[in-house]
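First up is the structure itself, then whatever we jot down about it.
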Amino acid sequence: MREKDIFSKPLILWYLKNRRDLPWRKSRDPYRIWLSEIILQQTRIAQGTEYYEKFTTEFDTVFELAAASEEQVLKLWQGLGYYSRARNLHETARHLAERLNGKFPENYPGLVQLKGVGDYTASAIASIAFELPHATVDGNVYRVLSRFFGISTPIDTSQGIREFKSLAQELLDTDQPGNHNQAVMELGALVCTPKRPKCETCPLQEHCYAHLAKQTDLLPVKKGKTKVRKRYFNYLVLDSSEGLTRIKKRTGRDIWKHLYEFPLIESSESVADFESIENHVVQEFDLGKNYGLKKFNSETVVHKLSHQELHMDFWLIRTDEKLAQTTAWKDLENHALPVPLQNFVDKYKGDS
DNA sequence: AATCCGGGGAT
DNA sequence: ATCCCAGGATT
């Protein structure tokens, strides 16, 4: 195969010399490979690494992860985003421990059946943990292949997905699928970067279409643009004289599902109407007039997600009354909170 | 085939 | 401000 001489071989040689010393590369334990891959879905290595360390320290085996509570797993996942990953991780750990005797399926079909494991992750575990010939296609691979071969099929279409998967599979060095897959991704992460790729140091530059045609800034091609929805959140933060507050678990089809937050009033517009808030406070906490109400933040907090822009205000309600459905402030450390909520708590409790 | 789901770093 | 990250599930 000529392609291997100009692609796989130089690429893998480059990888063996330049690979980063990442914690999950110290082990072939499928549990650790799986854990690292779930954590790294749509997540930068720099951000995911500390979570990998936390999880492996807390849960050395899949049995220990399975024995944890969902609340504990979500709390440990707090701040990483895409929280359904944490619930799928936990559910799969229980499935593995209880039904599969703690043993990972050693083939692609078995792996891809696991919750939270799609084509990429199944291929990654199969190739890295078991040396099975399945090509991984992540964002790095799209970039490397589209540039090297000059492919302008949009990567966010079903045709693009099929085309790149097929090409990646053809190219795969079946003698060392784990190294091959990691080599492509490592090149995409370190050399063939989205902006200003380091073509001068690239082992594939001689035969790279985009480099030779000076088109690295045109590839890969993406079709869709994400539009951002603005939302306005008013949080009612109870602070009783006994050190209690009230939180609720988020439900329904929305962001932060299964995480906790203070009672929320969402408005369609940026209205911080004091009287309207007051009415909601009386309703929510069933209070008379024995309370104080004031806005905690002077500037509205803007929190940006990929599809939403959240404008958040925190309304402080102080009272001496004894209310039901409360939680000690101290106990918030056992509840997973969205990042902007945790930020608020840290700021508020830091002041008081 | 589209859309949704987080947070953060690089540019 | 924009892009995009070792993607997957749902509609």
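Bear in mind the structure is a predicted one, so any value in this text is a computation, not a measurement. To find a chain, count down the sequence lines: A is the first, B the second, and so on, and within it residues start at 1.
- The side chain of A:Arg25 approaches C:dA6 more closely than any other nucleotide in the set C:dA6, B:dC5, C:dC4.
- Of the two residues near DNA chain C, A:Arg253 and A:Trp24, the one whose nearest nucleotide lies more 5' is A:Trp24.
- No donor-acceptor pair closer than 3.5 Å links the side chain of A:His303 to the backbone N or O of A:Val339.
- As rounded to the nearest Å, C:dA9 and B:dG8 have P atoms that lie 24 Å from one another.
- Taking the six-membered ring for Trp and the full ring otherwise, A:Phe262 and A:Trp315 have centroids separated by 6.0 Å or more.
- Near-neighbour residues of DNA chain C inside residues 70-95 of chain A, defined by a heavy atom below 4.0 Å, are absent.
- Applying a 4.0 Å cut-off to non-hydrogen atoms, none of the residues of residues 109-117 of chain A approaches DNA chain B.
- Ring-centre distance between A:Phe149 and A:Tyr209: not below the 6.0 Å cut-off.
- Within the structure, salt bridge (charged side-chain N to carboxylate O under 4.0 Å, His left out) pairs that include any residue of residues 89-100 of chain A comprise A:Glu91-A:Lys115 (at least two apart or interchain).
- Regarding A:Asn140, its CG atom lies at a distance of 10 Å from the C1' atom of C:dC4, rounded to whole Å.
- Contacts of A:Thr43 with the nucleic acid, taken as non-hydrogen atoms under 4.0 Å apart, include base atoms.
- Atom OH in A:Tyr51 sits roughly 20 Å away from atom P in C:dC5 (whole-Å rounding).
- In this structure A:Glu284 satisfies the side chain to side chain contact (heavy atoms under 4.5 Å, CB included) test together with A:Leu236, A:Arg246, A:Lys248, A:Pro263, sequence neighbours excluded.
- Comparing A:Gln41 and A:Lys227, the nucleotide of DNA chain B nearest to each residue sits closer to the 5' end for A:Lys227.
- Between A:Arg229 and B:dC4 there is no side-chain N or O to OP1 or OP2 distance below 4.0 Å.
- Computed from coordinates, the A:Ile45 CD1 to B:dG7 C1' distance equals 16 Å when rounded to whole Å.
- Nucleotides C:dT10 and B:dG6 have their P atoms positioned 14 Å apart, rounded to a whole Å.
- The separation between A:Phe164 atom CZ and C:dA6 atom C1' is 17 Å, rounded to whole Å.
- What separates CG of A:Asp156 from P of C:dC4 is a distance of 10 Å, to the nearest Å.
- For residues 117-137 of chain A, the pairs satisfying side chain to side chain donor-acceptor pair (under 3.5 Å) are A:Arg28-A:Glu131, A:Glu37-A:Tyr120, A:Gln41-A:Thr121, A:Tyr108-A:Asp119, A:Asp119-A:Lys165, A:Ser123-A:Lys165, A:Ser127-A:Asn181, A:Thr136-A:Asn181, with sequence neighbours left out.
- When the side chain to side chain contact (heavy atoms under 4.5 Å, CB included) test is applied to A:Lys223, the partners found at least two apart in sequence or on another chain are A:Pro154, A:Asp156, A:Thr157.
- Taking every heavy atom of residues 306-314 of chain A and every atom of DNA chain B, pairs under 4.0 Å involve A:Ser306, A:His307, A:Gln308, by number.
- Considering all non-hydrogen atoms of both residues, A:Gly188 and A:Asn140 come closest at C-OD1, 3.3 Å.
- A donor-acceptor distance shorter than 3.5 angstrom exists from the side chain of A:Glu186 to the backbone of A:Arg20, with no hydrogens or angles considered.
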Under 3.5 Å, N/O pairs linking protein and nucleotides 9-11 of chain B:
none

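- Using cut-offs of 30° and 60° for the angle between ring planes, the A:Trp256 and A:Phe233 rings count as perpendicular.
- Between the P atom of C:dG7 and the CD1 atom of A:Ile161 lies a distance of 13 Å, rounded to the nearest Å.
- For the residue pair A:Arg25 / A:Gln182, a side-chain donor-acceptor distance below 3.5 Å is found, with atom types taken as modelled.
- Checked against side-chain hydrogen bond (donor to acceptor under 3.5 Å, both in side chains), A:Ser36 has no partners two or more places apart in sequence or in another chain.
- In this structure, a donor-acceptor pair under 3.5 Å is absent between the side chains of A:Asn279 and A:Gln283.
- A:His303 has a side-chain polar atom (N or O) that falls below the 4.0 Å cut-off from OP1 or OP2 of B:dG7.
- Ring pair A:Tyr348/A:Phe344 is parallel by interplanar angle, where below 30° counts as parallel and above 60° as perpendicular.
- Side-chain contact, A:Lys75 with A:Gln72: no donor N or O sits under 3.5 Å from an acceptor N or O.
- Taking the six-membered ring where the residue is Trp, the centroids of A:Phe104 and A:Tyr31 are separated by 6.0 Å or more.
- The separation of C:dC5 from B:dC5, taken at their C1' atoms, amounts to 14 Å, rounded to a whole angstrom.
- Along DNA chain B, the nucleotide nearest A:Arg162 and the nucleotide nearest A:Leu259 are compared for position; the residue whose nucleotide lies closer to the 5' end is A:Arg162.
- The closest side-chain donor-acceptor pair between A:Asp331 and A:Asn334 falls under 3.5 angstrom.
- The separation between A:Asn181 atom CG and C:dG7 atom C1' is 15 Å, rounded to whole Å.
- Both cation-pi conditions hold for A:Lys349 and A:Trp329: the charged atom is under 6.0 angstrom from the six-membered ring centre and inside a 45 degree cone around its axis.
- The stretch residues 185-193 of chain A touches DNA chain C through A:Met185, A:Glu186, each having a heavy atom under 4.0 angstrom from the strand.
- A close approach under 4.0 Å does occur between a side-chain nitrogen or oxygen of A:Lys304 and OP1 or OP2 of C:dA1.
- For the segment residues 334-345 of chain A, the set of residues with a heavy atom within less than 4.0 Å of an atom of DNA chain C is empty.
- Taking atom P on both C:dG8 and B:dG9, the two are 24 Å apart, rounded to the nearest angstrom.
- Within the 4.0 Å cut-off from OP1 or OP2 of B:dG7, at least one side-chain nitrogen or oxygen of A:Trp256 is found.
- Side-chain contact check for A:Arg229 and A:His307: no donor-acceptor pair (N or O, by modelled atom type) lies under 3.5 Å.
- Distance, A:Asp119 CG to C:dG8 P: 7 Å, rounded to whole Å.
- Take A:Tyr260 and apply the ring pair (Phe, Tyr, Trp, His ring centres under 6.0 Å) test, not counting sequence neighbours, and it matches A:His335.
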